[in-house]
Amino acid sequence: MTALTKQNGFAAYPHPNPTTPTPAPAPAPAQVTPAGAAWLASAAAYPRSTLSLWEARPTDSAVLPCGSVFDVVSVPAVFGRRMLDRLWADGPGSGPVATHRGRMLLFTCPGTAQRLPSLLAWEEWGRGGCRTGNAAEGGGRDTAVPPLLCHGSGDAVTVPPLSAPDAPADAGPRWLVAPDVRHPWLPGAEAMLWACVRAARPGPSTGTRISIFPPTDPGANVYDVSRRR
């Protein structure tokens, strides 16, 4: 799966040294392969027509239904970055990931949108903090886990273009982890719960890191999909 590295996958922070001669160039967005495009199109009612439209207009976004091929969990961008850090550092990795309108879209197994709110509520992390479908954010009691939008059966999401147009990074939806195989691995509700709970814990851990997954190679790239379990 084509992915951006941790170093270049997000907007770089300014270098504290004012004498730095030239800032680092902006990272190129992840690109969808033909196999990844076929997987995305399989969620549409007419996959062949969807692929034909993408071939004619590869820089156009598309709206695809959820619930059959994938669900999507939409989280605020900063919290989503912490979730990705946890998933790749201590967890199983992630499926395709996109950004759109200040939120991060994590593609998950079908059924996740229905199960994740219940799991968060059972763990007492999601009271007033998880919404399904297109429910408005806000309301309820503030929690450590910010409002999540869980898109499943009956919902649709905007997916980024196959080829990123020449536009500012915040001009439209972009891939952070682009699909590049016909059947990509997708996390389920349990993995999303695990990532949400750990991302919500304040501050970095200064003691021993506890993980339910085997230890990772400390020298490996955080977003290297070859490390996905």
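- Taking the side chain as every heavy atom from C-beta outward, Val32 and Trp54 never approach each other to under 4.5 Å.
- Inter-residue side-chain proximity for Met192 and Leu87 is flagged as met; some heavy-atom pair is nearer than 4.5 Å.
- A heavy-atom distance below 4.5 Å is found between the side chains of Val159 and Phe107.
- When all heavy atoms of Thr112 and Ala189 are compared, the pair lying nearest together is OG1-N, 3.6 Å.
- Counting only heavy atoms from C-beta outward, the side chains of Pro76 and Arg103 approach each other to under 4.5 Å.
- The backbone N or O of Cys66 lies less than 3.5 Å from no partner atom in the side chain of Asp155, so there is not a single donor-acceptor pair.
- Within 6.0 Å of CZ on Arg182 lie more than 12 heavy atoms contributed by other residues, nucleotides or ligands.
- The two residues Leu106 and Leu84 come nearest to each other via the heavy atoms CD2-CD2, 4.4 Å.
- Using a 4.5 Å heavy-atom threshold, the side chains of His100 and Val157 count as separate.
- No side-chain donor-acceptor contact under 3.5 Å links Asp180 to the backbone of Thr33.
- Using a 4.5 Å heavy-atom threshold, the side chains of Pro184 and Phe70 count as separate.
- Between Ser61 and Pro161 the shortest heavy-atom distance is OG-CD, 3.7 Å.
- The closest side-chain heavy-atom distance from Cys196 to Leu120 is below 4.5 Å.
- Residues Leu162 and Leu53 do not share a hydrophobic cluster, clusters being chains of Ile/Leu/Val/Met/Phe/Trp/Tyr side chains in contact below 4.5 Å.
- No side-chain heavy atom of Val181 sits less than 4.5 Å from a side-chain heavy atom of Trp39.
- Rounding to the nearest 0.5 Å gives a distance of 12.5 Å between CH2 of Trp175 and OG of Ser163.
- Taken to the nearest 0.5 Å, the CZ atom of Arg81 stands 10.0 Å off from the CG atom of Leu176.
- Between atom OG of residue Ser42 and atom NE2 of residue His183 there is a gap of 8.0 Å, rounded to the nearest 0.5 Å.
- The two residues Val75 and Gly80 have their closest heavy-atom pair at CG2-CA, 3.4 Å.
- Here the closest non-hydrogen pair linking Pro179 and Leu40 is CG-CD1, 3.9 Å.
- We find the CD-CG distance between Glu190 and Leu193 to be 8.0 Å, quoted to the nearest 0.5 Å.
- Ala44 and Thr50 get closest at one heavy-atom pair: CB-OG1, 3.3 Å.
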